[in-house]
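Reminder, nothing fancy here: chain letters follow the sequence lines and each chain counts from 1.
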There are 2 protein chains.
Amino acid sequence: MLKLTKKADYGLMALKYLAEHPETPALSAKDVADAYGIPAQLLAKILQLLTRNGLLRSHAGMNGGYALARDARTISAYEVIHAIDGPFFITSCTKGAKSCELTPSCTIKEPLARVNDTIAGVLKSISIQDLTEHEQPAARAREAHGLVALTL
Amino acid sequence: MLKLTKKADYGLMALKYLAEHPETPALSAKDVADAYGIPAQLLAKILQLLTRNGLLRSHAGMNGGYALARDARTISAYEVIHAIDGPFFITSCTKGAKSCELTPSCTIKEPLARVNDTIAGVLKSISIQDLTEHEQPAARAREAHGLVALTL
DNA sequence: TCAGTATACGACCATTTCTGTCGGGATTTC
DNA sequence: GAAATCCCGACAGAAATGGTCGTATACTGA
Ligand code: FES
Ligand code: FES
C-alpha cells in the first residue's frame, strides 16, 4: 500500500534520464528503456501518456523521440504521477461530489483528506531537476523550497 | 496509487470507534462492523491483526471483544497501517539489503526514499485521538505536534 | 458441565488492478 | 519508398486486494 506503481516509477526514471541529457535533441523510447532495462513497449506507452499531458514533446521519424516539454525545474513529481496514474486519493472515498457509501457513519475521511493534501504537497515540491541531483539533495532542496510547513 | 487499502481504512475506522467509546470495556468485531456496515468477518481478521501487533487487547467469551491496548493518543496512524499492510515503501525497490535489479542505473530510488520517510513521518504524527476530533482538527493538531519541518 | 458468545486462524475464491505484449496505423526523415 | 519512430486500442497473464468459510479455541454465566 501507499506504493508508487511501476509505471509511475518508470515515468520518473525516464524524465530524470531526459533531464540528464539536455544535449541530445530527443531520445527514443527504446533508448531510455535500454538504458534502464525496462520493457520498451511499456515505457513507450508511458511516454505517450506524458506527452498527451504536456510534460513531453514527441517527434516521430528518424532521430525522433522525446524531450522535456519544459524545464526540468518546473516539472513536479506530482504532475508525473498524476499524468500516469490519474487523480490520486489516499482514501477510497473522494469526499467530493460522489462520496463514499459509508459516509454518514464515517468521519475518518476528513482528517485523511488532509494527509492526502500534505502528501500531494510534498510531491508537488519535488521537481525532476531534484531527482537528478544525487549529491546532497537534502540540502539543495531545502534551499530551493524552504521548509514546508505541515498544517495537519 | 498511493492509496490506503480498504483494510487499513477499516482498521483506522475501527480504532477510532473504539477510541470514541472508552466507557465500554470491550466491543466485539461485530459491533464495530455493524456500526459502519463493513463485512464483519473481514473486520474480525483486521482486529486480530491489530491485536497481534499489540495495538488492541482482545477478550473472548460473552461480553468480550476488543479494546485499545494503549491510550488513543499514543497510537499513530502509521502503526495501524504498518500492522495491517506490513512494512511500507513507496518504491518497489527497498534500498536496503535486497536492492532492486535496476539499481546500478537508477538513481531515483534515493530521493524517493526521502519522500517515503516524509510520508511516514506525517502518518506517525497522527494519532487515533486526532481522528476522533472532527471539529477543527487542523488547529488542534498543530498545537499538539507543532509544525513539522520537512527536510526534503 | 454445558450452551452460547467471541476470538483465532488458515484455506480459499472472486474481483480488481497492474504489468506487459501484440498488431496495425500514422508521421517524419532520408 | 523504406526505415525509424511515435500512436493507440485490445488483450492476456500476473499479482494484489477484498471477502467468505470452516473449524478450533477461549471465556462467561447459568
Ligand atoms: S471510508 Fe468512505 S467515508 Fe470513510
Ligand atoms: S527502480 Fe529500483 S533502483 Fe530505481
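Looking at residues two or more places apart in sequence or on another chain, you find no salt bridge (Lys or Arg N to Asp or Glu O under 4.0 Å) involving B/Lys124. A/Arg57 meets the salt bridge (Lys or Arg N to Asp or Glu O under 4.0 Å) test with no other residue; sequence neighbours excluded.
As a whole-Å value, the separation of B/Ile38 CD1 from D/dT17 P is 18 Å. The NZ-P distance, from A/Lys7 to D/dC8, rounds to 15 Å in whole Å. A/Arg57 has its CZ atom 17 Å from the C1' atom of C/dT28, to the nearest Å. Computed from coordinates, the A/Leu43 CG to C/dT21 C1' distance equals 14 Å when rounded to whole Å. Rounding to whole angstrom units, NZ of residue B/Lys3 and P of C/dT17 are separated by 6 Å. Regarding A/Leu56, its CG atom lies at a distance of 16 Å from the P atom of D/dT5, rounded to whole Å. Atoms CG (A/Leu49) and P (C/dC18) sit 13 Å apart, rounded to a whole Å. For B/Gln41 and C/dA14, the CD to C1' distance is 15 Å, given to the nearest whole Å.
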Q | Letter per nucleotide, 5' to 3', of nucleotides 1-8 of chain C [B base touched, S only sugar-phosphate touched, - untouched; heavy atoms, 4.0 Å] | A | ----BSSB
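Hydrophobic clustering (side-chain heavy atoms under 4.5 Å, transitive across Ile, Leu, Val, Met, Phe, Trp, Tyr) groups B/Tyr66 together with B/Tyr36.
One N or O donor and one acceptor, one from the side chain of A/Lys45 and one from the base of C/dT21, sit under 3.5 Å apart.
Enclosure of atom CG in A/Asn63 is not indicated, since only 12 or fewer non-hydrogen atoms of other residues, nucleotides or ligands lie within 6.0 angstrom.
Between B/Tyr10 and D/dG19 there is a side-chain N or O to OP1 or OP2 distance below 4.0 Å.
The distance from the CG atom of A/Leu42 to the CD1 atom of A/Ile38 is 7.5 Å, given to the nearest 0.5 Å.
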Q) side chain to side chain donor-acceptor pair (under 3.5 Å) between B/Asp71 and B/Thr74: does it pass, once the steps are laid out? A) CA-CA 5 Å; B/Asp71 187 282; B/Thr74 71; 5.4 Å; no
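In this structure the side chain of A/Leu18 reaches within 4.5 angstrom of the side chain of A/Leu56, judged on heavy atoms.
Nearest nucleotide to the B/Leu42 side chain, out of C/dT19, D/dG19, C/dG23: D/dG19.
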